[in-house]
Amino acid sequence: MISLEEQRPTWDEYFLMIAKLAATRSTCLAFPVGAVIVKDRQVLATGYNGSPSGSVHCTAQGFCYPELSSCAASSSLPSRAVHAEANAIAQAAKHGISTEGAMIYVTLEPCISCLKLVISAGIKQVFYETSFNKGEKLLVRDSFIKDGLVSLTQISLSETTAKRAALFLLHPTSIPEKS
């Protein structure tokens with residue numbers, strides 16, 4: 001039998017689950033991404049990818065651009081989405097929250113542009129679930145790591161943690177025991 005302590009998610013799993021929940025708010029048709037900025041085990045800000053504030057959401061109009069089902073379907077048009085990491089950093093900035101020395105958990109490895117933004121925001125550690133960068137982009141990413149600007153670690157949820165979290169999401173969790 002697994003003890004209650006062993007059922008608790010690790011800190012990495014806990015923050016990755018929060019990033020995954022943030023991704024459920026995504027308005028991107030290509031793929032949902034969520035991010036959470038953390039410092040001293042405290043959540044500073046969250047973000048998800050989607051159209052800029054005030055702009056029509058791709059999910060609401062059913063397309064990214066007319067005649068284009070998703071931004072991923074074009075090799076020339078840029079994505080309309082503000083990336084999850086950028087939205088989390090913008091949320092922190094909007095509310096005057098310093099991200100210096102923080103870490104970020106994301107459901108997708110940051111693109112090079114977002115990685116540069118993460119570094120510039122003073123975030124030193126990136127934890128991500130799914131790989132993204134390939135080819136020459138890996139050279140740029142790895143140069144930032146080699147220079148000591150940032151560390152990247154791929155993480156995942158254990159099946160036990162995911163199943164327990166699903167139970168918490170699907171059923172009330174704060175029901176008093178009957179005596």
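Side chains are part of it too, since the values below use all heavy atoms of this structure and drop only hydrogens, waters and symmetry mates.
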Practice prompt. Using the six-membered ring wherever Trp is involved, compare the ring planes of Phe15 and Trp11 and label them parallel, tilted or perpendicular (cut-offs 30° and 60°).
Written response: parallel
Discussion item. How close do Glu85 and Pro110 get, counting heavy atoms only, and between which atoms?
Written reply: OE2-CA, 3.1 Å
Discussion item. Testing Val38, Val126, Leu44 one by one against Met103 for a side-chain contact (heavy atoms from CB on, under 4.5 Å), which residue passes?
Written reply: Val38
Worksheet item: Is there a side chain to side chain contact (heavy atoms under 4.5 Å, CB included) between Leu115 and Val140 once you walk through the steps?
Response: CA-CA 10 Å; Leu115 189 57; Val140 177; over 6 Å; no
Fill in: Tyr105 with Val118, same ILVMFWY side-chain cluster at under 4.5 Å
no
Practice prompt. Hey, could you give me the CZ/CZ distance between Phe132 and Arg141, rounded to the nearest 0.5 Å?
Written response: 12.0 Å
Worksheet item: Just wondering, more than 12 heavy atoms not from Phe144 lying within 6.0 Å of its CZ?
Response: yes
Fill in: Verdict with reasoning, Ile145 to Leu152, per side chain to side chain contact (heavy atoms under 4.5 Å, CB included)
CA-CA 8 Å; Ile145 295 168; Leu152 280 90; 3.7 Å; yes
Worksheet item: Can you name the side chain to side chain donor-acceptor pair (under 3.5 Å) partners of Lys124, sequence neighbours left out?
Response: none
Discussion item. Under the side-chain contact (heavy atoms from CB on, under 4.5 Å) test against Ile123, which residue among Leu117, Ile89, Val150 passes?
Written reply: Ile89
Worksheet item: Roughly how far apart are His57 NE2 and Leu29 CG, rounded to 0.5 Å?
Response: 11.5 Å
Practice prompt. Apply side chain to side chain contact (heavy atoms under 4.5 Å, CB included) to the pair Val43 and Ile18, showing each step before the final yes or no.
Written response: CA-CA 9 Å; Val43 173; Ile18 293 172; 4.1 Å; yes
Worksheet, complete the sentence: When every non-hydrogen atom of Leu16 is compared with those of Val106, the smallest separation belongs to CD1-O, 4.0 Å
Worksheet entry | Shortest non-hydrogen contact from Ala88 toward Ala35 | CB-CB, 4.4 Å
Item to complete: Only pairs at least two apart or in different chains count here, so list each side chain to side chain donor-acceptor pair (under 3.5 Å) that has a residue in residues 37-46.
Response: none
Practice prompt. Drop me the distance from Phe127's CZ to Thr153's OG1, to the nearest 0.5 angstrom.
Written response: 5.0 Å
Discussion item. If you define the side chain from C-beta out and look only at heavy atoms, does anything of Asn49 sit under 4.5 Å from Asn87?
Written reply: no
Worksheet item: Does the side chain of Thr161 pick up a donor-acceptor pair with the side chain of Glu13 at under 3.5 Å?
Response: yes
Discussion item. Distance check, rounded to the nearest 0.5 Å: Leu21 atom CG versus Leu169 atom CG?
Written reply: 6.0 Å
Fill in: Distance (rounded to the nearest 0.5 Å) between Ile104 CD1 and Cys114 SG
8.0 Å
Discussion item. Once rounded to the nearest 0.5 Å, what's the spacing between atom OH of Tyr128 and atom CD of Glu109?
Written reply: 4.5 Å
Worksheet item: How close do Ala162 and Leu157 get, heavy atom to heavy atom, and via which atoms?
Response: CB-CD1, 4.4 Å
Item to complete: Could you tell me whether the side chain of Thr107 and the main chain of Gly34 form a donor-acceptor pair under 3.5 Å?
Response: yes
Worksheet item: Nearest heavy-atom pair of Thr99 and Ala121: which atoms, and what distance?
Response: OG1-O, 2.6 Å
Worksheet item: Looking only at heavy atoms, what is the nearest atom pair of Ser26 and Phe31, with distance?
Response: OG-O, 4.4 Å
Item to complete: Mind running side chain to side chain contact (heavy atoms under 4.5 Å, CB included) on Glu129 and Leu108 for me, showing each step along the way?
Response: CA-CA 6 Å; Glu129 181 178 47; Leu108 183 67; over 6 Å; no
